[in-house]
Structure formats: structure tokens, C-alpha cells
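Order of appearance sets the numbers: ligands from 1, and atoms from 1 within every ligand.
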Amino acid sequence: MEVCPQLPVLPLDRPVPQHVLRRRGAISLGPGAWGSALFGGPSPRQLCKRRGGVSYTSADQAVLYLHLLGDVRQRGPGPSEPEQRAPHSHVQVDYQSLHCLQGPVRPGARGHRSRCRRLSFQRFLKNPHLLRQQTPGPLHLVDQEYTGQVKCMLNKVDSWDFDIFLFDRFTNGNSLVTLTFHLFLQLGLTRLFRLDPIKLHRFLVMVQADYHQLNPYHNYLHAADVTQAMYCYLREPQLAETLSSCDMLLALVAAVTHDLDHPGVNQGFLVRTGHHLAALYKNSSVLESHHWRCAVSLLRESALLDHLPPIDRLNLEERLGSLILATDISQQNRYLARFREHLDRGDLSMAEPSHRHLVLQMTMKCADICNPCRVWRLSSQWSSRVTTEFFHQGDVEKKHGMAVSPLCDRLSDSTAHIQAGFIRHVVEPLFREWRRFSCTSLSHRMLAHLQTNLDRWTARSQRPETTS
Ligand SMILES: Nc1ncnc2c1ncn2[C@@H]1O[C@@H]2COP(=O)(O)O[C@H]2[C@H]1O
């Protein structure tokens, strides 16, 4: 989806008042592996083999990496092309027990209930309490959740060192709901958009429940972390002074819903195993399209925006799609190139809706992959989680006799190599451009953390005995 050129037509499309904001090794993990693992394409090594072993120097690697990224679109089947038969479509993968390698869970067995995934509408039928009206006003919902510790942490919700893992413990596993509800109030969105707090709470409960708790990385905690990062970015002067309240609403909703119903495996896996979502979305931005449609579905079920004119709701849903689709990592270079061109020409105008929308997309991308820019204590936990998820996918692939995806083999890949590659080739280029756009202490701090973390991972990756 292209940058949405349309102006939001919500009546409240004006900047959020400033007082509202104030208130409150061995195997070198070169770019090829990254091109292949994250972007679904052949690695430079594979490419060289096919082209008769053309050698390239390390200086060429970045260029080749860029080339592979730019190639992704052309390799995917276009809308009119016949669908390719998935090479492993004969493989029967039990997607419900992906992270339970012992095999599928028997109905009635312990743990079965928590692994059953229902369409959210069916969940309503099973959990009528989600529909029950809670009569007291908005503060009732908030007060229930505000233990002393939670309140204390929420007072520092704009801090880049915010510990989402600790916050999740204090909120008894309710971090996404508690944090996002608070941020809506903090930004004045509940009042500006006349949102019903009960509906907002219900929407957030459904969002939190639609993340797979068994995924080590792509779960509600990641969504909460991304939402907190988004809030930090929205407070940056470049954004706080120029974005409309509608932009802010969109940004928060996109952050909290951007990985909804993520299965814990990547697009390549879904394509190769003939998953119905891959067919539905023609092997292109499969997961992101699904996250978006899930978000729209929950927005509609919760009736959160039902009081807005239908044209505004549709406009919001479309823009939400274009923000969530921007998180497709295979498309990173396309967005980055556009952003860089504007920065080079110095013609980015936040008064121009299409430019503001591009900036929002870049903001969403930064929030999504900001974990290597956090302080080591937090960042290393995300690194461990994401690698665990990659290796789980590799284990499932081995179990089904499939080729193991790049970065997913626990026997040949290591956390340190994966992290060093991800930081160098994916995160750093993005955050360098971001700092050109928003040259604040936060941007400098994020790049400083990134460098420290890269140094630590690089040092670890060079230790001969390191396994993680
Ligand atoms: N710390 C990390 N190390 C390696 N890969 C990561 C890390 N954080 C995010 N990613 C990847 O970046 C991708 C961004 O889009 P996804 O959430 O679909 O999947 C994410 C992971 O594949």
C-alpha cells in the first residue's frame, strides 16, 4: 500500500494541545542471511552460486543487501499471476501447537484451553463478561488497576528506560491494557474523540487476548513495548508540535494492534506450508495484512468508533492499514529511500498530509524494531526472546523435514551473530535517518545504546566457545 495521500476527515483533526502533552563467527552472518531470513530472498552466497560464483568484497555487501531488498517485490507473484503451489503444502503443520514441540495438545488435556484460538466474535460468546457493562465511570476502570507500583511506573511512562517486563508483573499480566488505556487518557484522546472508556477497555482486552501468549517474542508484551516506544516518539517536538489528534490516535492504535494474532513463524514458513493466509494475501505482506484485518475486526466488534461518521471510520481503517503494512520488514528499503530523499532535499513538510503520513509510517517502523536501541538490560531480553522464536521455527521445520530457514538453526546460528547482523544491516540504517529527522537527545541516546549493544554482541560473537 502506498502512502495514504488523503487528509483525515475527522472533525477533530487538529494538533493535540501542548498542555495535554506536557501533562502528563564462524559462520559469518552477512547481509545475505538477513536478506534471506527477513526478506524471504536468496542469500548473496546463493545468488553468487547461481551466477557462477561472482565474488564480492565486504564493501559490496551492503549494496548487494540493498539490491536483494529491492528485488523482493519483483520476485513475489503479482496479483494476476497464478498462485505457486507451496513446496511443503503436503506438510500438516499444527499451527495451534507451534511452540509445543512435544506434539499437538489433546482436547481436554491440561493447557488445552489456553491454546484454543477462537475468532474474537466466538470469544465473546464464550466470555460473556467481556460484554457486560460496567456501570461506574472511567475512573473506576483506572482505579482498579492502579496499585501503587503501577501508578509509580506510569508516572514515568515517557522514559526510554521504561521496563515493560516489570510493568507486566506489577499489572499481573495486563500491561498492554493498562498502559494503552493510560496513554489514551494522557494524550487526551479519550476526551477529544469522545471515546466510551468501557468500549476502549473492552477493545484493549480483546487486543491483548488476540496476541499468542506462547510466542516468545510476538506476544502482547512486544505490542505493549512498541506502544510505549510510540508514545516516547509522539512526545518528540517534531511530532508533538505538528501531528493532528487523529494522527496520534492512529499511531497508538497501530502500535498496539500491529502484530495481532501473529503465529510465531514468518511469512516464508506460511508460504512454504501453504497456509491459507498466504493464499489469501497472495504471498505478499501476508502477516501484516492479517494483523491489519484483525485490528479492523476488533475495532468494529468493540464499537469503539461507532459514534464517528462512517466515512471517517473507513478513512481511519485505511490509514491504519498503511501504518501496519509499513512494518513489513521486507519493504524497509522502499520506505527508507523515500524518507532519505526528502531529508536530502530538505523538503519534508509536516503541513503536507502525505508527508506527515510518511513520517508516521517511519515512526511505526522505528517503534517496531527499537528493541536493540533499548538499554542492554531490556534489549538483551528481547534478543533472547526473538532468537528463541526463530529457533522454534527451525525446530518445527526440522521436525517436518523442511529446509531450515536462515537464522532459525540453533545448531549453526547464535544470538550474538543474529543480533550483530540485525543491528548493522537493519536497525542502524533506519535510526540514523531518524536522527536526521528528529535530532533530539532521545535519538542520540537510542543510537548510543545501539552502538553499545552492537559492541557487546560483536565481542560475544567472536568468542570461540559462545553458543548464545
Ligand atoms: N532483536 C532482534 N533481533 C533479530 N531480529 C529482530 C529483532 N527484533 C525484531 N526482529 C525482526 O524484525 C522483524 C520486524 O517485523 P516482524 O515483527 O514481523 O518480525 C521481526 C523480527 O523478524
Side-chain angles (χ1 to χ4, degrees), residues 29 31 33-40 69 72 164 211-212 215-227 229-230 254-271 277 281 284-292 294 323-333 335-336 361-362 364-394 405-408 413-431 446 449-450 453-454 456-458 460-461 468:
L29 227 172
W34 281 100
S36 189
L38 294 172
F39 311 107
L69 284 180
V72 168
I164 196 73
Y211 279 95
H212 299 206
N215 289 346
Y217 178 81
H218 285 103
N219 50 44
Y220 72 84
L221 207 50
H222 163 64
D225 184 55
V226 169
T227 306
M230 177 61 89
V256 79
T257 60
H258 81 284
D259 268 335
L260 267 178
D261 202 28
H262 196 295
V265 287
N266 62 19
Q267 168 173 304
F269 185 93
L270 296 182
V271 171
L277 286 177
Y281 296 114
S284 172
S285 294
V286 174
L287 284 165
E288 294 73 19
S289 303
H290 180 60
H291 306 320
W292 170 36
C294 287
L323 290 191
I324 295 179
L325 288 177
T327 63
D328 180 349
I329 203 80
S330 74
Q331 299 299 312
Q332 163 137 329
N333 265 16
Y335 289 95
L336 202 51
Q361 289 173 314
M362 300 312 293
M364 185 63 231
K365 291 182 58 53
C366 288
D368 188 28
I369 58 168
C370 73
N371 67 76
C373 300
R374 299 276 192 184
V375 61
W376 173 260
R377 173 174 52 86
L378 303 173
S379 175
S380 54
Q381 295 187 59
W382 292 116
S383 304
S384 158
R385 283 168 176 259
V386 81
T387 321
T388 305
E389 195 168 298
F390 287 170
F391 290 171
H392 266 304
Q393 176 175 328
S405 299
L407 311 180
C408 294
D413 297 311
S414 74
T415 307
H417 282 108
I418 294 174
Q419 292 312 298
F422 185 65
I423 291 176
R424 276 198 200 102
H425 304 296
V426 181
V427 185
E428 202 179 354
L430 176 65
F431 280 85
M446 290 193 297
H449 284 320
L450 197 63
N453 296 338
L454 174 60
R456 289 182 88 143
W457 289 122
T458 307
R460 285 190 184 201
S461 71
S468 64

Mark the output for His258 as yes if a heavy-atom distance to ligand 1 is under 4.0 Å, and as no if none is.
no
Examine the proximity of ligand 1 to Leu287 and report which part, side chain or backbone, both or neither, has a heavy atom under 4.0 Å away.
neither
Between the side chains of Gln393 and Ser405, does any donor sit under 3.5 Å from an acceptor?
yes
Centroid-to-centroid, His212 to His262, below 6.0 Å?
no
Polar proximity ligand 1 side, Trp382 side, N/O cut 3.5 Å exclusive
no
Distance (rounded to the nearest 0.5 Å) between Cys373 SG and Ile423 CD1
8.0 Å
For side chain to side chain contact (heavy atoms under 4.5 Å, CB included), just list the numbers for Arg385 and Asn219, CA-CA rounded to whole Å, side-chain angles, deciding distance to a tenth of an Å, and then say yes or no.
CA-CA 10 Å; Arg385 283 168 176 259; Asn219 50 44; 3.5 Å; yes
Check the pair Met362 / Leu430 against side chain to side chain contact (heavy atoms under 4.5 Å, CB included), numbers first and verdict last.
CA-CA 9 Å; Met362 300 312 293; Leu430 176 65; 3.6 Å; yes
Is the positively charged end of Arg456 above the ring of Trp376, judged by distance under 6.0 angstrom from the centroid and angle within 45° of the axis?
yes
Between ligand 1 and Ser383, is the shortest N or O to N or O distance under 3.5 Å?
no
Does at least one non-hydrogen atom of Asp368 fall below 4.0 angstrom from an atom of ligand 1?
yes
Heavy-atom distance to atom 7 (C) of ligand 1: which of Phe390, Tyr217, Trp457, Phe422 wins?
Phe422
Which atoms of ligand 1 sit under 4.0 Å from any heavy atom of Gln419?
1 (N), 2 (C), 3 (N), 4 (C)
